[in-house]
Q: 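The structure under discussion is supplied below as structure tokens; questions concerning it will follow.
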Amino acid sequence: MSDVGCSKIMEFYRGSTVLITGASGFVGQVLLEKILRSLEVDRVYVMIRPKWNWNVESRLQRILDGQLFDVLRKDSAKWQEMTRKVIPVEINLEEDEHLIVDQLRSKLLNEVNVVFNLLASVNFNEPLDCALRTNVEYTDRMLELVCKMKNIKTVVHVSTFYSNCDKRVIEERIYDNVGYGGVANMINIVSKLNEPEKQILTQHIIGNFPNTYTFSKKCAEVLIQDKYRSLPIGIFRPPIVSSTYREPVPGWIDNFNGPSGMVVPLSQGMYSAALLDTRARPFIVPVDYCVNALISCAVDVHLQRAHQSLAIPVYNYTDAKCNLSWGEIIAGFIQGLPPFKRFMATYFTATLTRNRMRYALCKKLMLMQAYLLDLGRRLRGEAPALGQIFEKMISLSEVLEFFCLNEWRMTNDNVLRVQAAATELERRTFPCDLTKVDWKGYYKGFVPGVIRYAIEPRKAKHRARKNAEEQNGGTAKVPKMSDGGHSDVLHFYRGSTVLITGASGFLGRVLLEKILRSLEVRKVYVILRPRRSCDAGDRLNQIFASKLFDTLRMDAVKWQRMVRKIVPVEIDLEKENFEMDDGLKSELLGEVNVVFNMLASVRFIDSLDVALRTNVEYTDRMLKFVGEMKNIKSVVHVSSFYSNCDRRFIEERIYDDLRFGGVEKLINVVSKLRKEEVKFLTPYLIGSFPNTYVFSKKCAEVLIQEKYSSLPIGIFRPPIVSSTYREPVPGWVDNFNGPSGMVVPLSVGMYHGVLLDPRKCPCIVPVDYCVNALICCVLDVHRQRSLKLPIPVYNYTDPQCKQSWGAIINGFVQGLPPFKRFMATYFTLTLTKSKLRYAFCKRLMQLEVNLLDLITRTPPKAGLILNRLTAQNEALAFFTLGEWQMSNGNVLRMLAETSEFERQLFPFDLTKLDWSVYCRQFIPGVVRYAIEPRIAKARDAEGKS
């Protein structure tokens, strides 16, 4: 492996057939993902046992549907090709002769070249006979099968570094010092003991080993040396294996074994204690580095065992020079917490001790904390759960006590030899040199990874499976979306009639396009108000003329068929009965199944009476009409995440804390005021809200709770909605609201100052992802409300997003042409939270446009445009200078319940966004879809005049 540009590892695996046992485990999943991503294998057989009601195909699909494989799924064509290579193999390890069905057995014996044996039980507290059966007898049966394989090149048995933890110095060799007449005789003795005898004799048999797991793994090594030295086999010993360092995503972990179990309470802001020696230096390796070393060692085993005289190679995958102690590691974990939790953990909520008496006291405090929280759950009518969870977490961390209080030394010459033999290409593709890991950075990212990949999916899954309120003496469970290629979302909409209000708006247009492109609806009624000289039909044609629908128009025949489904409905919202044609009204009341209510004015500067009329009274009239519909299944009212921006933490619930006697009394008071009185009283009436828009959206939510809780209705709260990420085209936006207005001067090479805090992290979502979430919410609302659950609220945000305003704007700048990008980076862009500095920048902007208007000798258009853009940007100041936290459990639950097919068809997982790509395509999208059409329209108008 000496040439820089070649790879013996890749060549070794090219065209090979690989067999993996234990692929459903933590290391096994990462190994499977890495093989699919980096090696050109012909086929991968995955041995899986059926579990509960899951057959092997379903278990494999669950693995492939996991977040670990998200990177591979981005290219759907390649992903389909990859998954065709993976074949599940059902195995019955209880049987000596019939492990596998004959047809598959024949294929395995003829095809397999490489075997990774990860089959094991990692339960430290397992009874001795069970541990020996799983980790020794099953390995024996597996290797007997491997011996019959005709084209086998290499076998790697994955053991553990702690298989010889009864010694203080662990060398890369097999220690054949099992007592009781050897492994086979000892298994025979244990199998004949009754339960009381097993309990009494276990500690005598395992001796200085801390548990049955490590002892059984040692026995498996000895068994391999005794029976299978003729195989091209090696033994790979990883220590404590933890979350990924870089591949395929940083911080991925799916379990609470080891360190991840220690930090769960801290991640939730709760008290936690650990029994460990803060001075002891443990061996911890990232799972992606571990897998890379495993893949590399398999090739080395083949080379070493080609010479039959060589002993079975053993690989202690550790770093002898690792100098970080448990105390430094846990301190690193704490650095990954949010500021307040980090402060609390540093000074109050984390205790590390090697004193057993002190730990026992701390343990009592942890359990007391859990039982008090459970008491609160009982008072809320919920089942107690935290006591049980804490007991499990404590148990998981206590089994590590032997490894947390002791230190070992080792030799790892074989691992060092493998690393030294690797080419530069192999070091990049299969990095496994632990001395190159930035350990402080790794540990800092550990807790966010545990939260994102281990805690949040479980929370979402728990909510999805949680029993609903008891009905008629029984308990109904929240239905789940199906797996596989079937889609409950598609099925729900198939043949349905949809009503959309606000379809002429930014969000409404994208929703209409997505419905036409992806859903087999029967009809779509689009409510539009006449505007100037345009009736509803003309306005619908204006919507269809947008570039947004270009993809659909490519197939003229299909496009005509789609258009025939759309029925424009002209209404007058000033009137109680809408002045609608009786025949059309009858159709709506009899046919509509789904309603998207996006009717709203998004003008931040509307007077209070206008905002209340448009966003509250019109909503009231519309929902009153919906209440008369005979076949209504689901209604989603689109509100705003900032409808409760007067608080810093926004939960998924309706906040009914309006003053002045509630919504209707407030509207009644305002309606009797003169305009100047409304203007004067508005700051007192809206209180700490920044504008009438967000205040009126809050009022609409309260109105829905007070008057329309009998409807199958839910509330969807998007934050700042910006250009498309992918669908139907990247970067589409048709307005200058929000971020798009900020970048207009930069796009034309002019100076621009923006009033914002570059360090604050805003809530921004692409409009196509927002629409996909909205479509899926309709089905979830139907399910939740059919169970008589409270009105569901969906905060469509990503609480874990750490993209600051500064990073986002700088990302936008990367989408500019080279010269403009250089100018914006160093000269023409100012981001500031200082209002005084911004006032100075504003003067510079006005001076620039005044000079431009003077030079062009045309009517002063640039000044008018700038005034409009700065007014829009200043209206956003409250949101660009502030920051909010939120809960989004309903959105996470809904995401967890969607099948992989649905995630591809309706992607709305904000954690999957590549923000660098999105930001880079933002300004080109604004130029192409918002600026250029307006310039062309202005030129046409000038030509006609």
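None of the values given here were measured: they were computed from a predicted structure. Numbers here are sequence positions counted from 1.
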Q: Within a strict 4.5 Å, meaning less than it, do heavy atoms of the P265 and Y271 side chains meet?
A: no
Q: State, with a plain yes or no, whether a side-chain heavy atom of L275 is found less than 4.5 Å away from one of E398.
A: no
Q: Given side chains that start at C-beta, do those of V27 and V291 come closer than 4.5 Å, heavy atoms only?
A: yes
Q: In terms of heavy-atom contacts, does CG of N355 have more than 12 from other residues, nucleotides or ligands at under 6.0 Å?
A: yes
Q: Is there a donor-acceptor contact under 3.5 Å from the side chain of Y443 to the main chain of G336?
A: no
Q: Determine whether more than 12 heavy atoms belonging to other residues, nucleotides or ligands lie under 6.0 Å from atom CZ of R759.
A: no
Q: Please check: side-chain N/O of E883 versus main-chain N/O of C761, any donor-acceptor pairing under 3.5 Å?
A: yes
Q: From E171 CD over to N412 CG, what is the distance, rounded to the nearest 0.5 angstrom?
A: 12.0 Å
Q: If only atom types and distance count, is the side chain of R246 paired as donor or acceptor with the main-chain N or O of P431 below 3.5 Å?
A: no
Q: Rounded to the nearest 0.5 Å, how far does NZ of K833 lie from OG1 of T880?
A: 12.0 Å
Q: At their closest point, which heavy atom of R354 faces which heavy atom of L405, and how far apart are they?
A: CB-CD2, 3.8 Å
Q: For the residue pair D438 and Y245, what are the closest heavy atoms and their distance?
A: N-OH, 3.0 Å
Q: Measure from the side-chain N and O atoms of S887 to the backbone N and O of G889, and report whether any donor-acceptor pair falls under 3.5 Å.
A: no
Q: Using a 4.5 Å cut-off on heavy atoms from C-beta on, say whether the side chain of N414 contacts that of V418.
A: no
Q: Closer than 3.5 angstrom, by distance alone: can the side chain of T353 be matched with the main-chain N or O of Y359 as a donor-acceptor pair?
A: no
Q: Would you sort out whether I329 and W439 count as a side chain to side chain contact (heavy atoms under 4.5 Å, CB included), showing the intermediate values?
A: CA-CA 9 Å; I329 290 168; W439 289 106; over 6 Å; no
Q: Please name the residue in the list Y213, F402, F215 that meets the ring-ring contact (aromatic ring centres under 6.0 Å, His included) test with F124.
A: Y213
Q: Looking at CD of Q29 and CG of L64, how far apart are the two atoms once the value is rounded to the nearest 0.5 Å?
A: 9.5 Å
Q: Does Q885 CD have over 12 foreign heavy atoms under 6.0 Å away?
A: no
Q: Going through the distances and angles, do Q419 and C432 end up as a side chain to side chain contact (heavy atoms under 4.5 Å, CB included)?
A: CA-CA 8 Å; Q419 290 172 357; C432 59; 4.0 Å; yes
Q: Once rounded to the nearest 0.5 Å, what's the spacing between atom CZ of R903 and atom CZ of F908?
A: 8.5 Å
Q: How far apart are the C-alpha atoms of L276 and T278, what are their side-chain angles, what is the distance that settles it, and do they pass the side chain to side chain contact (heavy atoms under 4.5 Å, CB included) test?
A: CA-CA 6 Å; L276 51 77; T278 53; 3.8 Å; yes
Q: Aromatic rings Y162 and W408: how do their planes relate, parallel, tilted or perpendicular, breaks at 30° and 60°?
A: perpendicular
Q: Between the main-chain N or O of V158 and the side-chain N or O of K217, is there a donor-acceptor pair closer than 3.5 Å?
A: yes
Q: Quick one: does S916's side chain get under 4.5 Å of R920's, heavy atoms only?
A: yes
Q: Can any side-chain N or O of N257 pair as donor or acceptor with the backbone N or O of S260 at less than 3.5 Å?
A: no
Q: Got a donor-acceptor contact below 3.5 angstrom from the S267 side chain to the V447 backbone?
A: no
Q: Should the heavy atoms of other residues, nucleotides or ligands under 6.0 Å from NZ of K364 be counted, would the total exceed 12?
A: no
Q: Would you check if Y175 and S163 make a side-chain contact, meaning some heavy-atom pair closer than 4.5 Å?
A: no
Q: If you compare all heavy atoms of L831 against all heavy atoms of G806, which two are closest, and at what distance to 0.1 Å?
A: CD1-CA, 4.3 Å
Q: So, the side chain of E328 versus the backbone of S325: is there a donor-acceptor pair under 3.5 Å, distance only?
A: yes
Q: Can you tell me if CZ on R409 sees more than 12 non-hydrogen neighbours from other groups inside 6.0 Å?
A: no
Q: Tell me if a side-chain donor or acceptor on R342 pairs with a main-chain N or O of L337 at a distance below 3.5 Å.
A: yes
Q: Tell me, yes or no, whether the heavy-atom count around K440 atom NZ, taken from other residues, nucleotides or ligands under 6.0 Å, exceeds 12.
A: no
Q: Any heavy-atom pair between the side chains of P719 and N795 that's under 4.5 Å?
A: no
Q: What class does the angle between the rings of Y347 and F343 fall in, given that below 30° is parallel, 30 to 60° is tilted and above 60° is perpendicular?
A: tilted
Q: In terms of ring plane angle, is the pair F878 and W884 parallel, tilted or perpendicular, where the classes change at 30° and 60°?
A: tilted
Q: Mind listing the closest non-hydrogen atom pair of N164 and E221 along with its distance?
A: ND2-OE1, 3.8 Å
Q: How many angstroms lie between CZ in F26 and CG in L118, if you round to the nearest 0.5 Å?
A: 12.0 Å
Q: At their closest point, which heavy atom of F209 faces which heavy atom of K218, and how far apart are they?
A: CZ-CD, 3.3 Å
Q: So does K444 have more than 12 non-hydrogen atoms from other groups sitting under 6.0 Å from NZ?
A: no
Q: Are any non-hydrogen side-chain atoms of L72 and L36 less than 4.5 angstrom apart?
A: yes
Q: Considering all heavy atoms of both residues, which atom of T244 and which atom of P250 are nearest to each other, and what is their separation?
A: OG1-C, 3.6 Å
Q: The test is side chain to side chain contact (heavy atoms under 4.5 Å, CB included); show your working for M270 and L373 and say whether it passes.
A: CA-CA 11 Å; M270 300 169 76; L373 290 169; 3.0 Å; yes
Q: As an exercise, state the distance from CD1 of I240 to SG of C290, rounded to the nearest 0.5 Å.
A: 12.5 Å
Q: Salt bridge (Lys or Arg N to Asp or Glu O under 4.0 Å) between R417 and D300: does it pass, once the steps are laid out?
A: CA-CA 9 Å; R417 176 174 49 75; D300 190 69; 2.6 Å; yes
